[in-house]
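The sequence lines fix the lettering, A, B, ..., with proteins before strands; numbering per chain opens at 1. Since we're looking at a predicted model, the values are computed, not measured.
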Amino acid sequence: MTLLTIDHLTKRFGGLIAVDDVSFEIEQGEVLGLIGPNGAGKTTLFNSVAGTYIPEEGQVIFNGAAITGLAAHDVCQLGLVRTFQIVKPFAALNVLDNVKVGAYLRNNNSQITESKARDIVDFVGLGDLAHQPAKNLTTAGRKRLELARALATEPKLMLLDEVMAGLTPTESQQIVTVIEQIKEEYHLTLLVIEHVMQAIMSLSDRIAVLHHGQLIAIDTPQAIAADKAVIEAYLGKEFQFADN
Amino acid sequence: MTISRDYQILAGLTLVFAILPLFANQFQLTLLITLLYWAYLGTAWNIMGGYAGQFSFGHSAFFGIGAYTSTVLFLNYGISPWLGMFVGAGFAALFGAAMGFLTFRFGVKGHFFALATFAFAEMSRLIAQDSDFINSTIGLTMPIIGGDSWSQMIFEDTKLYYYIVILGMLIVATMISIWIYRNKLGYYLLAIREDEDAAAALGVDTLRYKIIAVAISAAITAIGGSFFAQRFGFIDPALVFGVSISIAVLLRPIFGGSGAIWGPLVGAIFLTPMEEFTKIFVRNPPEFLSFMKGRAGFDVLLFGVIIIIVVIYMPDGLVGSIPQWLERLRRRLRGQSQSATQEAAR
Amino acid sequence: MEWKQYRGSLIGGLVVISLFAILIYNNVDWRACLEPEAEGFVLSCVAENTSAWYARYGVVMRQATVSGLLIGGVYGLVALGLTMIFGVLEIINFAHGALMTVGLYITFILFDTFGIDPYLGLFITVPLLFFIGLIVYRVVIHPARDAPHHNQLLLTLGLTLLIENLLLMVFTATPRAIRLDYGRGETNILGLFVMQFPIRIWRAVITFDKLLAFLGALVVTAILYTIIQKTDLGKAIRATAQERDGAALVGINTDWINMITFGIGTACVGAAAALVLPFRPADPTAGNLFNITAFIIVVLGGMGNAIGALLGGLIIGLTQELTGIFFPGSPDLIGVFVIFILVLLFRPQGLLGQAA
Amino acid sequence: MLTIENLEAGYGDVKVLFGVSLEIQAGEIVALIGANGAGKTTTIKTLSGLLRARSGRIIYDGQDITHWQSHKIVAAGLIQVAEGRKLFPRLSVLENLELGSFLRKLRANRAKNLKHVYSLFPRLAERKNQIAGTLSGGEQQMLAIGRALMSEPKLLMLDEPSLGLAPMLVQDIFNVVQGINDDGTTILIVEQNAVQTLRMAQRGYVMEHGKITLSGTGDELLHDDRIRTAYLGL
């Protein structure tokens, strides 16, 4: 079943076309990676889907409903949640309270919310730090917190924006494990922007490549790694020659 | 901290403040009334400025609406202030919601929002000064009834009754504040304060919750305005709509710790005696400072200094900073003992 | 959300429509106004328009307009200082008016104690206020430069309370006025020619001190504008306001620029103070009016916009005086606040500012 | 000429550089390449004093400049062309260039340097009165480089000069960079465009996760499969 359909989406900033007529679909239970060089329009695409920007053209259909141009909180209400590239913890609140903000979306009862948040905090491995203010967390901790908060809103689809940026390889590996566990345990569908290639290659079922705002390829990781257009986009035109 | 713990503290404080008047003379009782009154207003401001992080620099608008509504209803229609103050609260909440909707809807944020609240307050003052049906600049005076009347909330003989009223108001306001802080609304407001985009991404309707915060804060403030009118017996636009009210209202929570449940009360406990002290000081300064005798302005000057010091050195207020200082002190002590043992090891 | 995209053009449109309505109503050839031959075309257009307007409304209107424009020049100067500080430091300096009050008292002392003419005193008040600005920046603003915006606003509010009440303690609330012994009747202008004061333009009375305040404000504004536009320092200030990192990368000491800018901004109110003291007595809160109007002008003219400050000053000066006529009995400031809130709501980047 | 030892830096509580060490000899073109988020820009920002180093040392011309303020670093001839250009958008092209020689000791040579920049980029001379914010992307990049040249760099650091430019323009920019180097200016260039950069550079460093993982001459790196690994994770 198709969970999310992005249909001819275009987003402009003044004269700049940040997202240029992009269409693809995400199946229920799938992990779709989204890659592309700096400035390719990945985050803009995210923002246009998640309600931060209003796209000029095209449609976004989520779970059978058109969500184009809906406000971020309404999109979240429907079960589509996003994380931020630059993590945005509620710095003064402790870890548990951060997650409770997410959990309150489905629930008004403080006790139930608390125990649900507690479970999720333990699940992402922040159990020992539950009562630490979020500002005391390390980068890796903040990324986990970002995941936990998003998870607490009981989403069907999670958009992850560079959860591994700024992490050491070990930390990245741990986050990949957490994401895989999340996917299994909560039966989630994921759309993942990532620059750490190793991670995204192993995590994704399919990978979509954006370049200059356009979708230049969408395929399995193996096929993408061999794709001429993708290599060109990343390394420059002449890499094949240099390779020989 | 669980819910019951906050209410335990409140119960303990209530007990203390219930006993205190037994040992207080008339002067001290006045001081206590002033203290509780500012703690009450600070608590109201704190819901909007502290929890939701929407820095209001125009609370005098709500205060004045409250004061004028109950007073006009009382003087012109004989409606008891006990009822009138809730009507005033309703008006203030509506005004606050409208102001909030206009400003938030158009994305006015941060210091621009503060300026907008200031402009709204100044405008309401100017309108009040220009409105004949509320006696324009001359103001309104409560009748002298020659005694105490609970139904009219005028106590000419027994100050203690005002104390009881304001203590009750503070308890209710604090309970509301605690309830908000410990429930969904509070979490949402804090989330909005910390990061609006992140809150929206987690499903928080930020516009709606910000307006709710303004409305609640406005309503509580307005009731404080009604109390002021009853106790002081006289109001005019400069007095109740003036900038000085807006400043005074935010001073206690900022000093005590905005965004903390007990910040406004802690701020009031520290600042009220200090204010009183400076007044006495100016009235009767020591020999070498005799030139200050009778000079107005010293108390407010100190407030200015306090604000500057608070912003630079303790932006989290007393409630937030004291634990940090203790932590730093502990760390320093530990560091010293560590280096001492290292020395010894060598 | 869609509304957001249009609100700028809508408010702009409303302003333009109402302007045209006034012009057409007065049979003014508005087409001439659409040819921007010079930078001052808007102003000349306003002047032309107003002249037609006053034919109908008589002498009160004329007087209000002239007074409004004259004091508007000073408002513009005060706002220019505020907008510079905001442009570079991104701080809304609430103490701007209080610093002007300091300037008023300095001018008063110079006159009262040392017998120095206020206009001559400009050469003392301006540098003095510049240095006071530097000190205030170092001691109060600099330590909190990374604090959240509303805390910085609070900080300058605290500074206002401090200054106002310090002045109150020292000078008490009694207004301190000075009286020039020239500028009434026949006045010799620098030995060049003799003029009769007050002069009359369009049958409106213009006193010597107000005219001088207006001209002085224009001159100071022009000097400052030249400094900002032409000198390396001015370019560095603009560069820092536009792109702080870029400025650092060409070797500009941005922290130093912060301080200098605060000093210059404060020097502006020093000049304004010396210019208005002859007709506005000093009291500890005398700067408040200028402070509030300056905020509104800055919001109106667009934060960090020098031309906008001057234009906004004239508009606010006019508005203030004219609301007094259209709504008799209503305090002057109310129309100004209405404009303020409208602009905040609909065009927070200011009338001349670029869309965010 | 420039030695970095064990540099650590980051934003707020987030650490980005985990002990970066590299060396640049006078007259070289050195390339610093790597995937997005590897820490290249952070390295350059720390070098030019926009970011404070947490630990480690930066030695330039025999002086420890680790804790210098950026205007002092500029005065020493270490000039950065920043990612995103950091032009002054509402100043004219000429004013932008003039500010390049803001420092007093540079003002004497302003006219001469301006002539030099105009000869490198005739387009800038044509548009000298245009507001910088209205230039095209390629012109803005030229202006950014031109502004840096006005500061008489001894060591010029270019951060992603090809970002967002059409391929033909990229080649132009690279030619100019080569030319600047031929005139005797040492160059550190940060790029995603690995192939072209390594062709031009004498030596290169590859960055991953805030560390230098590979280094060698341009040719060596160009034929190293590990580059591909660093970029595509294969």
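Top candidate by heavy-atom pairs under 4.5 Å with chain B, chosen from T153(A), D97(A), L93(A), N108(A), is D97(A). Comparing L105(A), D74(A), V75(A), N109(A) by heavy-atom pairs within less than 4.5 Å of chain B, the highest count is held by L105(A).
Both the backbone and the side chain of A91(A) come within contact range of chain B, judged by heavy atoms closer than 4.5 Å. Contact annotation for D197(B): both backbone and side-chain heavy atoms come within less than 4.5 Å of a heavy atom of chain A.
No side-chain N or O of T117(B) forms a donor-acceptor pair with one of H59(B) less than 3.5 Å apart. Y51(B) and S177(B) form a side-chain donor-acceptor contact under 3.5 Å, judged by distance and modelled atom types alone.
Sorted by first and then second residue, the ring pair (Phe, Tyr, Trp, His ring centres under 6.0 Å) pairs involving residues 97-124 of chain A (not counting sequence neighbours) are Y104(A)-Y187(B), F123(A)-Y186(A).
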Please report the C-alpha distance between N107(A) and K184(B) in whole Å, then the side-chain angles of each, then the deciding distance to 0.1 Å, and finally whether the side-chain contact (heavy atoms from CB on, under 4.5 Å) criterion is met.
-> CA-CA 9 Å; N107(A) 198 320; K184(B) 180 173 178 170; over 6 Å; no

